[in-house]
Amino acid sequence: MKKIVLSIVLTIAFSCNTPGGASRFISETDTTYSEDIRAVSAKINANPNDAELYYKRANTFYYEKRYKDAIADFEYALEINPKQPLYHFRCAETWIAMDSTDAEKTKYHLTQALLLKPDYFEATSLLAKYHLARQQYPEAIKLYTSLLEQPEFADPAFVLLSIAYKEQKDTTKAEALIDRALTVNPENFDAVMQKVLILHHRNDPQTMAWATKAVRMNEFSDEALYTLGLILQNQLKYADAISYYERVIKVNPNHVFAHYNLAVIQSLFDNHAECIDWCDKVLDLNGSFDKAHALKGYSYEKMGNKKAALQEYKAALSINPNDALAKEGLNNVQ
């Protein structure tokens, strides 16, 4: 009986000495965790009230992509030391990294970080990104505007501010911001890419020059290579377009649209077997790509295989009942 009472007293005493109750215990001998986690856990077990140790273990969990464990340690570090803006910021970053982000907790931690440290520009930038992703444009614009005079953050702020205006259909303001960004820093690659997209949208004759510049600036950017390939395809320069799409795939083998456009070009030249091969590669990457099913059906139809064509057209329409090519093809083969 005395042993049981003593055990209860010790448990209560331990709980009273730690914020919010006993800390999350991880044994330094538990091999289900990495060596790095076990090493910092040994330090935590020896000193369970050191917030910095929980922060360090949370960072380790984060880089191991064990985000729930990271959140638990970041939040416990904040129980011990709620006035540390870095802990709030990293906790918010971890919520964002998780597949199912808790939006309110993300916003809360970023807001707390900025209350504790108003010149915390990393937190300002991340909070602006949070608002932009949620289409809360006035909040995003206000925050990005506040970053324009900060050299380390100005380049991305200009670009994302431009995107905020473009998403609101204010293309004049969006382009003005990109032009200003390029005046401040002509080597701002993301600004160059936005300039390309704006010019391409209105079929501006300068589009090719800017797209070529983007590829020169970053020859390993799948976005730049794909955009230049698309411009060449629209200009009916198919051989050159194929060359760029093939470069895209070397950089990013999972680029669905580069694969699909190669299929389209092959179909234009009645290379239907090659078109089907490319469509199959598209569907391996994205089985719900209705246009690939429809285009594959079209090639089967042209090759005289109505049964296979019918199957592909039906597959396309099951995904997108409004697919025009599939609807037309279905009428042809039934």
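This chain uses plain numbering: 1 for the first residue, then up along the sequence. Values below: all heavy atoms of this structure, side chains included; hydrogens, waters and symmetry mates excluded.
Checked by atom type, the side-chain pair D30/T32 shows a donor-acceptor distance below 3.5 Å. Judged purely by distance below 3.5 Å, without hydrogens or angles, the side chains of E93 and Y67 never pair a donor atom with an acceptor atom. There is no side-chain donor-acceptor pair under 3.5 Å between Q334 and K306. No hydrogens or angles considered: nothing links the side chains of H131 and E139 as a donor-acceptor pair under 3.5 Å. In the model, N59 has a side-chain atom that pairs as donor or acceptor with a side-chain atom of Y55 under 3.5 Å.
Looking at T212, its side chain does come within 3.5 Å of a backbone N or O of M208 through a donor-acceptor pair. Judged purely by atom type and a 3.5 angstrom limit, Q150 has no side-chain atom pairing as donor or acceptor with the backbone of E152. No donor-acceptor pair under 3.5 Å is formed between the side chain of S125 and the backbone N or O of E122. Distance alone, capped at 3.5 Å, places no donor-acceptor pair between the N47 side chain and the K43 backbone. A donor-acceptor contact shorter than 3.5 Å is absent between the side chain of T207 and the backbone of N203. Within the 3.5 Å criterion, the main-chain N or O of A164 finds a donor-acceptor partner in the side chain of Q168. Side chain of S299 to main chain of K296: no donor-acceptor pair is present (N/O by atom type, distance under 3.5 Å, no hydrogens or angles).
Under a 4.5 Å side-chain heavy-atom criterion applied to ILVMFWY residues, the cluster that includes M303 comprises I276, Y300 as well. Under a 4.5 Å side-chain heavy-atom criterion applied to ILVMFWY residues, the cluster that includes I26 comprises Y33, I37, F61 as well.
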(Q) Applying side-chain contact (heavy atoms from CB on, under 4.5 Å) to K281 and Y260, what does each step give before you reach the verdict? (A) CA-CA 8 Å; K281 290 173 183 175; Y260 176 72; over 6 Å; no

Q: Please assess E79 against Y87 for the test side chain to side chain donor-acceptor pair (under 3.5 Å), listing each intermediate value before the final yes or no.
A: CA-CA 10 Å; E79 285 193 48; Y87 297 173; over 6 Å; no

**Q.** side-chain contact (heavy atoms from CB on, under 4.5 Å) between L295 and K291, intermediate numbers included
**A.** CA-CA 6 Å; L295 184 59; K291 291 184 181 299; over 6 Å; no

Q: Evaluate side chain to side chain donor-acceptor pair (under 3.5 Å) for Y313 paired with E301, printing each intermediate quantity in order.
A: CA-CA 10 Å; Y313 288 143; E301 180 186 345; 2.6 Å; yes

Q. Taking it one step at a time, do E175 and L199 satisfy side-chain contact (heavy atoms from CB on, under 4.5 Å)?
A. CA-CA 9 Å; E175 187 169 9; L199 294 172; 4.3 Å; yes

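Note: the hydrophobic cluster containing Y165 also contains L148 (ILVMFWY, side chain heavy atoms under 4.5 Å, direct or indirect links). Following chains of ILVMFWY side-chain contacts shorter than 4.5 Å, one cannot reach I96 starting from F121, and the two form parts of different hydrophobic clusters. Hydrophobic clustering, with ILVMFWY side chains joined whenever heavy atoms are under 4.5 angstrom apart, keeps L160 apart from Y120. Transitive grouping of hydrophobic side chains (ILVMFWY, heavy atoms separated by less than 4.5 Å) brings Y244 and V196 into a common cluster. F153 and V184 fall within the same hydrophobic cluster, defined by Ile, Leu, Val, Met, Phe, Trp and Tyr side-chain heavy atoms under 4.5 Å apart, directly or through other members.
Here the straight-line distance linking atom CG of L78 with atom OH of Y54 works out to 13.0 Å at 0.5 Å rounding. The structure places CG of D284 at 11.0 Å from SG of C279, a figure rounded to the nearest 0.5 Å. Atom CE of M193 sits about 6.0 Å away from atom OG of S221, to the nearest 0.5 Å. Put simply, CD1 on I44 and CG on L53 are 5.5 Å apart, with the number rounded to the nearest 0.5 Å. Residue N332 holds its CG atom at 11.5 Å from CG of L310, rounded to the nearest 0.5 Å.
Under the 6.0 Å distance and 45° angle rule, R180 does not count as a cation-pi partner of F158.
Checked against ring-ring contact (aromatic ring centres under 6.0 Å, His included), Y245 has the following partners two or more places apart in sequence or in another chain: Y226. For Q235, the side chain to side chain donor-acceptor pair (under 3.5 Å) criterion is met by K237, not counting sequence neighbours. Applying the ring-ring contact (aromatic ring centres under 6.0 Å, His included) rule to H293 yields no partners; only residues at least two apart in sequence or on another chain are considered.
Among I163, L132, D170, the single residue meeting the side-chain contact (heavy atoms from CB on, under 4.5 Å) criterion with Y137 is L132. The only option from N271, D277, N261 that meets the side-chain hydrogen bond (donor to acceptor under 3.5 Å, both in side chains) definition with Q266 turns out to be N271. Partner of I198 under the side-chain contact (heavy atoms from CB on, under 4.5 Å) criterion, out of H201, R202, H200: R202 alone.
Ring orientation note: the planes of F269 and Y238 are nearly perpendicular, at an angle over 60° on the 30°/60° scale. Under the 30°/60° scheme for interplanar angles, the aromatic rings of H88 and Y108 are found to stand perpendicular.
C91 and E75 get closest at one heavy-atom pair: SG-CG, 3.9 Å. A pairwise comparison of heavy atoms in D290 and A316 identifies O-CB, 3.4 Å as the closest pair. Shown here for I231 and A211, the closest heavy-atom pair between the two residues is CD1-CB, 3.5 Å. Contact detail for C275 and A263: the closest heavy-atom pair is SG-O, 3.4 Å. Among all heavy-atom pairs drawn from A123 and A113, the shortest one is CB-CB, 4.2 Å. A191 and I178 make their closest contact through O-CG2, 3.4 Å (heavy atoms, listed as atom of the first residue, atom of the second, distance).
Contact check on D179 versus K195 returns a salt bridge, with a Lys/Arg side-chain nitrogen under 4.0 Å from an Asp/Glu carboxylate oxygen. A salt bridge is defined here as a Lys NZ or Arg NE, NH1 or NH2 lying under 4.0 Å from an Asp or Glu carboxylate O, and R38 with E28 fails to meet this definition.
More than 12 heavy atoms of other shown residues, nucleotides or ligands fall within 6.0 angstrom of atom NZ in K166.
At a threshold of 4.5 Å between non-hydrogen side-chain atoms, the residues I71 and Y62 do not count as touching. In this structure, the side chains of W95 and H109 come closer than 4.5 Å at one or more pairs of heavy atoms.
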Listed pairs under 3.5 Å, donor-acceptor, residues 250-257 side chains, sequence neighbours left out:
from	atom 1	to	atom 2	distance (Å)
N252	OD1	N254	N	3.0
N252	ND2	D222	OD2	2.9
H255	ND1	A258	N	3.2

